[in-house]
Structure formats: structure tokens, C-alpha cells
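Here the structure comes first, spelled out in C-alpha cells, and everything after it is commentary.
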Amino acid sequence: MSNYSIWVVAHEADAAAELVSGALCLSSNVNAVTFGGEAVAKAAQAQGALTVLSVNAIDTPATDVSAMGTPATDVSAVGTSGPDNTLKNCLPENHSKALAKLLQERNSKLTIFSATATGRLMAGMVASHLGTSAYNAASITINDDTPVITSMVYGGCAIATRRLLSSQAVITVGAGVLGAVLPESQEPQASALSAALPESQEPQASALSSALPEAAESELALSEPQASGSIEQIDLSVNDNAAVVLEVKPRKTESVNLAAAKRVIGVGRGFAAKEDLELAFNLASKLDAELACSRPITESENWMARERYIGVSGVVVKPELYIALGISGQIQHMVGVNQAKTIIAINKDKNAPVFKQADYGIVGDIYEVLPVLTSALS
Amino acid sequence: MKIIACCKAAPEEQDIVVRDDGSLDFSRADYKFGSYDLNAIEAARVLADQVGGEVIGLSVGSSELANSKLRKDALSRGLDELVVVTRSSVGEDANDSVSDLSMSDLSVSNLDSYQTAKLLADALEQMGDYDLVLCGAGSSDFYAQQVGNQLGALLGITSLSAINSIKPDVESDAEISEAATNIDSVIVQRLLEQEVQCVRVKLPAVLSVTSGINVPRIAGMKDILAAGKKPVKELVALGTPETSTQTISVKAPPAASRKQEIIQGDANESVARLLELASSVLR
Ligand SMILES: Cc1cc2nc3c(=O)[nH]c(=O)nc-3n(C[C@H](O)[C@H](O)[C@H](O)COP(=O)(O)OP(=O)(O)OC[C@H]3O[C@@H](n4cnc5c(N)ncnc54)[C@H](O)[C@@H]3O)c2cc1C
């Protein structure tokens with residue numbers, strides 16, 4: 001096992017646990033910088049990080065709210081505590097400059113962030129301060145002390161394999177990428193991406209059941225097999241012109257497990273209104289299928305939770321049957337379903353690209369075909 | 001208010017042909033601006049129309065940016081002006097070092113996100129003062145989603161991603177018309193995985209918008225005609241930093257072959273035929 005110096009940066013306990021345990025498949029020299037208080041630091045330590053630097057929460061400095069006029073939204077949430085007594089109005093990303101300096105001092109050869117919006121933003125800013133690029137890795141190995149990563153490119157039509165030349169490389173990884181083999185039923189979206197890679201490029205496997213989301217909080221305290229590393233509290237200064245969080249609202253999320261579904265029905269912009277999705281619901285209940293969608297249905301229309309959109313930037317599924325309803329079949333979407341055993345498409349445009357990638361297709365209006373199909377299945 | 005909208009031209013991904021050996025053939029793929037960059041242009045236009053100001057498109061690339069149709073396309077979507085930054089020549093300014101020499105020139109001319117951000121930052125310096133720089137959710141070719149993040153850090157100004165709405169930070173609409181060019185902060189909504197943040201951002205700043213922030217306008221005949229008369233400035237990049245990666249390969253994964261049994265006709269007949277053909281999977 002290499003002794004290559006890796007640092008992971010995390011601001012949530014689950015991510016800290018998964019990144020540390022996953023990085024330990026790459027090197028024995030794994031350390032962590034954590035934001036968000038003791039729980040996050042402990043999660044990293046419990047998984048075997050040698051050194052954990054826990055960043056003390058700071059209030060965002062000197063922005064006089066009243067002097068700036070009443071903002072468009074309620075400011076009552078300013079400065080309130082988060083779940084673990086962290087100040088919520090200072091974003092972890094506001095520390096990026098000091099964080100980059102710290103990683104440089106500690107000689108991190110590879111710094112790993114989770115591929116969330118916050119993780120990616122921090123990674124990009126830190127990378128700039130280190131004079132390199134931040135990459136999202138669908139898989140990673142270390143060859144001769146050089147990280148080799150793969151990423152989907154050109155909308156998912158190809159996989160690029162790249163060697164990171166920087167002596168201080170920066171990457172982000174989605175859940176499940178770092179060598180974790182999770183039980184099928186819990187397989188997070190991103191792991192399907194790495195599974196799509198040719199065998200030889202797959203990251204080393206290792207079982208990491210403790211990195212599972214539910215297990216992380218309750219069981220970590222009990223099972224601390226190698227929690228020998230130290231936790232140090234540190235202060236990191238805040239960037240100039242730091243953004244000020246005025247309010248945080250929880251977002252409605254859904255826990256769907258599309259990856260485990262045997263049949264998946266995807267809806268696209270061919271549906272004219274949210275109510276019309278009922279046509280798809282009815283078919284789904286007949287076929288005992290999970291409902292999914294194209295990205296615009298989530299992002300532009302907001303008709304379905306983001307956990308349900310399929311594609312290069314969403315979920316990758318491998319069901320026995322995928323039915324595309326009113327989906328044009330752009331590469332970015334189809335890469336998420338092209339491992340389905342059978343694909344059926346219904347689209348009114350006979351030239352829609354989806355038909356080239358379908359086993360069976362009906363050229364027709366979903367509003368006419370779906371009621372007939374659903375009742376024919378009784 | 002002077003707003004810069006960054007955009008990248010990339011080969012139309014639907015027209016990239018995968019060869020039998022998994023390599024990519026770009027010969028039929030024309031360059032076009034990424035669909036998510038259009039969200040940045042649209043957001044810039046909407047804000048500029050609201051508070052008064054101009055929108056300047058900024059694109060870093062190679063010879064593809066010489067194409068006047070491509071330029072007009074960007075200009076017809078709401079830009080007042082376009083600035084294109086090209087590197088002196090691909091040969092002397094070699095970038096992505098490619099081990100597999102059979103790979104197309106295209107990958108040789110590709111910049112990584114740090115290089116792109118650096119060239120954008122240099123260009124912004126040459127362009128003078130600006131209030132806000134907008135980027136899209138990610139380019140349509142590599143989708144690293146990092147140029148905006150990296151750019152803000154290089155400029156030493158606030159950099160935020162996942163921006164789902166941008167509003168001028170003023171008390172009332174009346175104030176907007178008074179303030180006109182004098183908006184010094186914006187209130188943005190950030191759509192994160194688990195939460196929605198409302199954040200006050202002091203300007204200048206770099207914001208990367210989501211693909212759901214708006215629906216980009218479709219240019220009409222008038223817009224396209226007007227676009228031909230809008231100014232395009234050309235800047236030559238001062239110098240490109242070294243690449244941070246070596247590309248080993250770019251290859252399509254093997255694709256499953258599909259039966260492609262396509263049924264046309266009246267709904268009842270089509271469904272009956274589908275049930276015949278696909279009965280085993282629909283039971
Ligand atoms: C960097 C990047 C990443 C992306 N990632 C993803 C991703 O992960 N997942 C994803 O899905 N997309 C992604 N996209 C977007 C993608 O390119 C397409 O825009 C999107 O998939 C199109 O969604 P759609 O098929 O629902 O809509 P459209 O392309 O608008 O297609 C609608 C289809 O419905 C048909 N139709 C209309 N009315 C009817 C009717 N009454 N009956 C039958 N058919 C009808 C039309 O003929 C058309 O084919 C990404 C784009 C970019 C640039």
C-alpha cells in the first residue's frame with residue numbers, strides 16, 4: 001500500500017466517513033480537514049484518518065445587514081446555529097484560500113472533496129489557489145504515485161482517462177466512487193458510473209459497510225477500530241468578500257432507489273403538464289415500475305425530485321426494462337439507461353433519436369397510446 | 001451594470017460518431033455554444049434589462065471561434081457584444097499533452113478548467129471594470145463544472161455555484177430605476193442537494209447558474225439580423241499555464257445493440273403489436 005499523502009475535506013459526517021475509508025483503499029496516509037464540528041471530525045477519525053484538522057466555526061465578518069437595506073427575504077435566520085452548533089452563515093467555501101495554504105503546508109499530494117455543490121465549489125477554489133484544475137472522478141487509481149482518473153465526456157458518449165500531473169492534485173468524487181462496494185440495495189447513484197467502466201479501469205474494491213449513510217451516525221461511536229489518529233482544532237481565516245448566508249431552508253428530497261428497480265419508466269418533456277404525469281403513474285402501477293424522468297423535468301419544470309432524473313449528470317440505472325415516454329433520447333439522458341436489458345420508447349416524432357436506441361418503439365402521441373397500453377395490460 | 005456571460009463552444013455531442021474501436025469521430029460535429037451557457041446569457045440579459053446595463057459574452061477557444069455563424073448565434077441570444085479569446089496557435093502553445101498520438105487534434109487544443117479560468121481572468125483584466133460574471137452549469141463537452149468556481153478564486157472575488165435566482169439587492173423596484181448602474185450587491189438563491197440557501201453577494205462576483213434558472217430565449221429573425229451588426233472583439237491570450245493533466249485515452253464504452261422494432265399506425269394497433277413483440281418483458 002502506498003504512503004501517498006491524501007487529504008480529504010468534508011463538511012458532513014457521512015461524507016467524511018466515506019471519503020476517509022474510501023481513500024484508505026488508495027493509500028495508508030489519509031488525513032482530513034473537517035468543517036461542521038465534532039461529529040464530522042470524529043467520523044473521519046473513526047474511519048482511520050491519521051490527522052484530523054477540525055475547523056472552528058466562525059461568524060462571517062462585518063457585513064452590517066441593516067446598513068444594506070432589507071433584503072428580499074427574511075433575515076431572521078442569520079447567525080443561527082446549525083444542528084451541531086456550527087454557525088450557518090459562514091459557508092465552508094468561504095475558507096478556500098486559507099484551506100489551500102493549509103493543504104500546501106501539509107504537503108497534500110491529492111485532495112479529495114465530495115461531489116456536492118459545496119464540495120465542488122471548494123475544490124475549484126482550492127485548486128485555483130494551488131495552480132491546478134479540479135476534476136470530478138468517476139473512478140480513481142494511483143499508479144506510480146500519480147492519480148489516474150476517469151470522467152464521462154461529450155455528454156456521456158465517451159470516457160476520458162487522465163493522469164493528473166499536478167504535484168497537488170484536486171478531485172471531487174460522488175458517493176460510492178472511492179473503492180466502496182456497497183450492497184446492491186443501497187448502491188448510490190455514482191457507483192453505477194464506475195461500474196460502467198471497462199473492468200481494468202475500475203477502482204480497487206473493498207467492503208466499507210460502515211460508510212453507509214445510516215450506519216455512519218449510530219454505529220461509528222461503537223465501532224472505532226482504528227480511531228488512533230488525532231483531532232486538532234484549527235482556525236482558518238475567511239476569504240475577503242465572503243458571501244453572507246441570509247437564510248437556509250431544507251429542500252424536499254426523496255429517497256428513491258432507482259438503481260434497484262427492475263422496471264423504470266422515464267417521462268420527458270413530451271408531457272405538457274404536471275397533472276398529465278398521471279398517465280405515466282397509471283402505467284407504472286400496472287407494471288410495478290419506478291418512475292423516473294429526464295433532467296428538464298426536474299430542473300426546469302420541477303415536477304419530480306432530482307433523485308429521479310436519469311443521465312450523465314443524474315442517476316444511472318440498469319433495469320430489465322426501461323420505457324421512455326416523450327423523451328427525445330439525447331445522449332446525456334440515454335447514457336443513464338443504455339445498460340437496461342430492454343428499452344421501449346413512445347414518441348410522436350418518428351425521427352426522435354430515442355428510436356435508434358430502443359428495442360421496441362411506438363411512433364405516437366403518449367396521450368393516445370398510454371391509456372390504450374395501460375388498459376391492455378390489465 | 002456591466003455583466004459578463006461566459007460561454008464555450010464545443011462539438012455538438014449528438015453528431016459525434018463512435019467508431020467501431022470506440023474512438024470518436026468529430027468530423028460531422030459542428031461547434032455550438034453549450035446549452036447550459038445559454039442559461040448564463042439569458043440570466044445576464046434579464047438582470048441587465050431589469051437594472052439597466054450591458055451584457056458582454058466572453059469565450060475562450062481556438063479556431064472554431066472565427067466562425068461568424070457561431071458568433072452570431074451567441075449574439076442573437078441577448079448579448080450586446082462578444083469578446084473572443086483565442087490562443088496564438090495550437091502548435092506553439094501546446095497544451096493537453098496526449099500520449100496517444102492517434103487522437104484527434106481536438107483534444108490537443110482542449111484546455112483544462114484552470115487554464116480556461118486563467119485565460120478568462122486575463123481577458124477580464126484587459127476588458128476593464130465589470131460588476132458580475134455569469135457562467136453556466138457546465139460546458140457541454142467536459143462538464144467539469146469548475147470554470148466559474150476557479151475563475152472567482154483567481155480574480156479574488158466571491159465565487160458561488162448552483163445559483164437558481166439572482167435579484168438586485170434593493171428595497172423596492174422604484175429603487176432599481178434610481179440606482180440603475182449603482183447596484184453593489186445581489187441576493188441569490190443557491191440550490192444545494194439538501195437545502196436552499198439565500199445568500200447576499202457583494203459585487204463584483206462570479207456566479208455559476210443552474211440549468212433551471214430560466215428558459216433561454218430562442219432567437220427570432222430580427223435577433224439574428226441584429227446580431228450581425230453587434231461588435232465582436234478579439235483578444236489574443238497572453239499565455240496559457242501548463243496543463244494539469246495528461247489524457248491517456250478518450251473512448252466510448254461498448255454499446256448494447258438494440259432491436260429497433262419501430263411500430264407506426266393507430267394507437268390500438270400499435271399497442272397490440274407492441275404486446276405481441278414485447279410480451280415477455282411486459283408481463
Ligand atoms: C452538460 C449536460 C448534461 C446533461 N445531463 C443530462 C442528464 O443527466 N439527463 C437528462 O435527461 N438530460 C441531460 N441533459 C439534457 C439533455 O441534453 C436533453 O436536453 C434532455 O435529456 C431532453 O429531455 P427530454 O427528452 O425530456 O426533452 P426534449 O428533448 O424536449 O424531448 C421531448 C420529446 O417528447 C416528444 N413529444 C412531445 N410531445 C409528445 C407527445 N404528445 N407524445 C409523444 N411524444 C411527444 C418530442 O417529439 C420530443 O422527442 C444534459 C445536457 C447537458 C448540456
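No experiment lies behind these values; they were computed from the predicted model shown. Just so we're on the same page: letters track the sequence lines, and every chain starts at 1. Side-chain atoms are counted along with the backbone in the values below, which use heavy atoms only and exclude waters and symmetry mates.
- For B:Asp21, the side chain to side chain donor-acceptor pair (under 3.5 Å) partners are B:Ser23, not counting sequence neighbours.
- Within the 4.5 angstrom heavy-atom criterion, no atom of A:Val126 approaches chain B.
- A 4.5 Å side-chain heavy-atom check between B:Pro204 and B:Asp131 finds every atom pair outside the cut-off.
- Contacts between B:Ala117 and chain A at a heavy-atom distance below 4.5 Å are absent for every atom of the residue.
- Heavy atoms closer than 4.5 Å to chain B are found in both the backbone and the side chain of A:Leu121.
- Only the side chain of B:Leu275 comes within less than 4.5 Å of a heavy atom in chain A; its backbone stays farther off.
- Judged by the 6.0 Å distance and 45° axis criteria, A:Arg162 is positioned over the aromatic ring of B:Phe142.
- With sequence neighbours excluded, no residue forms a ring pair (Phe, Tyr, Trp, His ring centres under 6.0 Å) with B:Tyr143.
- Both the backbone and the side chain of B:Leu192 come within less than 4.5 Å of a heavy atom of chain A.
- There is no contact between B:Ile213 and chain A, counting heavy-atom distances below 4.5 Å.
- Aromatic pair A:Tyr154/B:Phe26: centroids less than 6.0 angstrom apart.
- Of the atoms belonging to A:Thr342, heavy atoms from both backbone and side chain fall under 4.5 Å from chain B.
- Looking at A:Thr253, the atoms closer than 4.5 Å to chain B (heavy atoms on both sides) all sit in the side chain, from C-beta outward.
- Contacts between B:Gln150 and chain A at a heavy-atom distance below 4.5 Å involve backbone atoms as well as side-chain atoms.
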